[in-house]
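See below for the structure under consideration.
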Amino acid sequence: MSTGTNNWNPEKSATLYGINSWGNGYFRTNQSGNVMVTPMGASGPSVDLYDLTQDLLDRGIRVPIMIRFPDIIKARVQQLNSCFQKAFADHSYKGQYCGVYPIKVNQQRHLVQELVKHGKGHGLGLECGSKPELLVVLALMNTENALIICNGFKDAEYIETALLSQKLGRNTIIVVDRKEELKMIVDVAKKFNSRPKIGFRAKLNTQGAGKWVDSSGARSKFGLTSMEIVEGVEFLKKEGMLDCLELLHYHIGSQVPSIQSIKSSLKEGARFYTELHAMGAGLKYIDVGGGLGVDYDGTGSSDSSVNYSEQEYANDIVSVLQALCDEKGVPHPNIVTESGRFLVAHHSVLIFNVLGVNDLHRHEPPRPATKKDPTIMQDMQYIYEKVNKDNINECFNDLTQAKQETLQLFTYGVLTLEQRAWCETMYFTIATKMVILARATPDTEDIQAELGKELCDTYFANFSVFQSIPDSWAVGQLFPIMPIHRLAEEPTRSATLADLTCDSDGVIEKFIDTESGEPKETVRVHQYTEGQPYYMGIFLTGAYQEILGDLHNLFGDTDAVHISLSEVGYTIDHYVPGDTVTEVLTYVQYGRSEMVDNVRQATEESIQRGTITKQEAKLLIKHYEEGLSGYTYLEEAE
Ligand SMILES: *Cc1c(COP(=O)(O)O)cnc(C)c1O
């Protein structure tokens, strides 16, 4: 590893971490060597993320902090709309664009309210996938004529609620996800003497691609087969309700990495549309679902990325529909998208601090081995002394063998604990010496990689993977991670991150490598010095992570703030405190007063027995009560 040099600068950090690719113009580095947030692009207002973090800490807001930027949401809504408007103009398309936001992607009230507010001018609607989500949507949606799309498995209560909302003037469309739902909808409509707006979700055969491919195909959980659609049409015709079938929907999965899958599924979906039109359905909308992907790694070619832009996405949808509908003489449908990830992924950043480092490099050898020591120790002493550029391959093999032997000899009772400790220390000393030699020796990439893995640092991070980026653990998703300051200084170390949980899966070992384009196991970081806070950010965490996050090891929600920017600075719109220990314990049925009472009784008995003083008991109870009111994460000493 090279040492810090003077010719490093923030631009080099930007290149190293790829921020100009995945940052999408919302995140960049500045001349102070910090990350800067620019929701409206480089010429709009900005805030320095490191300064902002300091300001928040000064106000008593605690790390880890989830920082949300509603301005980014606004920019995303506008962006997607303008892409469709441009595509319409280019293709003389006659339908309208009706975006809806699927709230399952992030249901936080303030966020959904922001979306509704910024979406008003574009008629942005909402999508719900369950009964509780429908209740949320009914409370928040007040945009004239905007769609409310009801997906998911439904019971009579869900359907009645959705149908009655039409009488409030809401443009609610009930999508049939299972064939049994259609009869329920018709029965309820008759009961209320109303004309329902009905959608059919088709099961496409075209598969998506990427991590979420199983959302389509004959075995997928949702949707109607062609036979069920035909039967559904006949049923509606018999009931005199075929004109109520207004929408055709399909969804091929989230984060679709390739435009080819988007196009081929649309070709199949559009044929369903034109056929249903020919059968006499009163179709007005085609709902192409979600799947519009986000470029998490900046490669344009991996599962964590996309090989298309949002403009290409809009162009392809519009041109395919235009061509197919014109060919069949069908009026251009209004286009509904259910993009969730695209709208909200960028808007939130998790800032955490590093608590300490496990550094395995060793520059000083242990005491020299002598003739009296076991042979293995003498062998290792020999490797240490003789290793040089010419014999590095041979020495590397000897070292690997010595490591295995050390463990065997200890297990068989030959080596003492002190001798084993000496061998381990010597192992890391030789590895450190060898990696420095290897860097100056050609054709030693394998050795460098192997030793790099052995010697890489572990940075202990104040957050929980399970609470804040569960998809990193669950589906191996990659998120951009980088320090938010010191970017004018060369990051000379490579580290993996270990979180606060005592789960061995609570680590991050998958990072962006802008050089190779393939994910790598470590991230470049700066030398950590005790007492000097080091802050890192996990970016693009706004989609799915919050609601999927769980309470593993009882780490709760983090503090969250909403920051909006203007030319004169920033304002904190909302501060949502994270869970206290008491709150988290309530989820698992513990009562605070009972817990305090139990501990108090134990102290009383111990005072009687004389094993604790009254002052010590008082202090214990004080810590106990403060602990229950405190943050679930590690806090800095006051
Ligand atoms: C989850 C889901 C979406 C959102 O998909 P994104 O990839 O986040 O845009 C849209 N529609 C349906 C039916 C879904 O289940």
Side-chain angles (χ1 to χ4, degrees), residues 73 76-77 79-81 83-84 98-108 111-112 115 119 124-134 136-137 147-154 158 173-178 181 199-204 208-217 220-224 247-259 261-262 265-266 269 285-296 303-306 308 310 313-314 317 335-348 470-471 474-475 477 540-548:
I73 303 271
R76 297 303 273 177
V77 172
Q79 173 68 8
L80 192 54
N81 265 276
C83 288
F84 273 95
C98 317
V100 300
Y101 168 69
I103 70 164
K104 75 152 193 269
V105 181
N106 194 328
Q107 300 101 335
Q108 302 290 325
L111 172 91
V112 181
L115 276 155
L124 179 72
L126 294 175
E127 185 261 9
C128 50
S130 66
K131 210 159 38 173
E133 286 189 355
L134 173 63
V136 168
V137 165
L147 288 173
I148 294 177
I149 303 276
C150 300
N151 286 328
F153 290 153
K154 299 166 199 75
Y158 183 148
I173 299 185
I174 308 173
V175 177
V176 179
D177 265 315
R178 278 182 313 149
E181 291 168 6
F200 277 1
R201 174 165 175 172
K203 248 182 206 170
L204 298 190
K211 290 191 196 305
W212 288 272
V213 280
D214 294 338
S215 307
S216 64
S220 66
K221 217 164 104 182
F222 294 107
L224 308 177
L247 175 141
L248 177 83
H249 169 50
Y250 65 86
H251 171 70
I252 61 165
S254 199
Q255 184 64 19
V256 177
S258 98
I259 192 74
S261 315
I262 286 171
S265 58
L266 176 63
Y285 303 96
I286 184 160
D287 174 351
V288 300
L292 174 53
V294 160
D295 190 0
Y296 289 96
D303 269 7
S304 306
S305 187
V306 280
Y308 55 93
E310 50 272 24
Y313 174 80
I317 289 177
I335 299 172
V336 180
T337 62
E338 300 179 346
S339 301
R341 186 187 297 275
F342 177 87
L343 292 181
V344 299
H346 293 80
H347 92 284
S348 67
D471 275 344
V475 292
Q477 198 194 315
L540 277 53
T541 59
Y544 297 104
Q545 304 317 300
E546 274 176 77
I547 203 67
L548 289 177

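Whatever order the structure lists them in is the order used to number ligands and atoms, beginning at 1. Each residue takes its place number in the sequence, starting with 1.
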Is the terminal nitrogen or CZ of Arg201 (NZ for Lys, CZ for Arg) located under 6.0 angstrom from the six-membered ring centre of Tyr250 and within 45° of that ring's axis?
no
Who are the ring-ring contact (aromatic ring centres under 6.0 Å, His included) partners of His346, not counting sequence neighbours?
Tyr26
For ligand 1, which of its N or O atoms have a protein N or O partner closer than 3.5 Å, and how long is each gap?
residue	atom	partner	partner atom	Å
ligand 1	5 (O)	Tyr544	OH	3.4
ligand 1	7 (O)	Ser254	OG	2.5
ligand 1	7 (O)	Gly291	N	3.0
ligand 1	8 (O)	Arg341	N	2.9
ligand 1	8 (O)	Tyr544	OH	2.6
ligand 1	9 (O)	Gly291	N	3.3
ligand 1	9 (O)	Glu338	O	3.4
ligand 1	9 (O)	Gly340	N	2.7
ligand 1	11 (N)	Glu338	OE1	2.5
ligand 1	15 (O)	Lys104	NZ	2.6

All side chain to side chain donor-acceptor pair (under 3.5 Å) counterparts of Asp295, not counting sequence neighbours:
Ser305
List in chain and number order the residues that pass side chain to side chain donor-acceptor pair (under 3.5 Å) with Lys131, two or more places apart in sequence or in another chain; answer none if no residue qualifies.
Asp155
Test of ring centre spacing under 6.0 Å for Phe342 and Tyr313:
no
May I ask you to establish whether Arg341 and Tyr544 are in a cation-pi arrangement, using a distance under 6.0 Å from NZ or CZ to the six-membered ring centre and at most 45° from the ring axis?
no
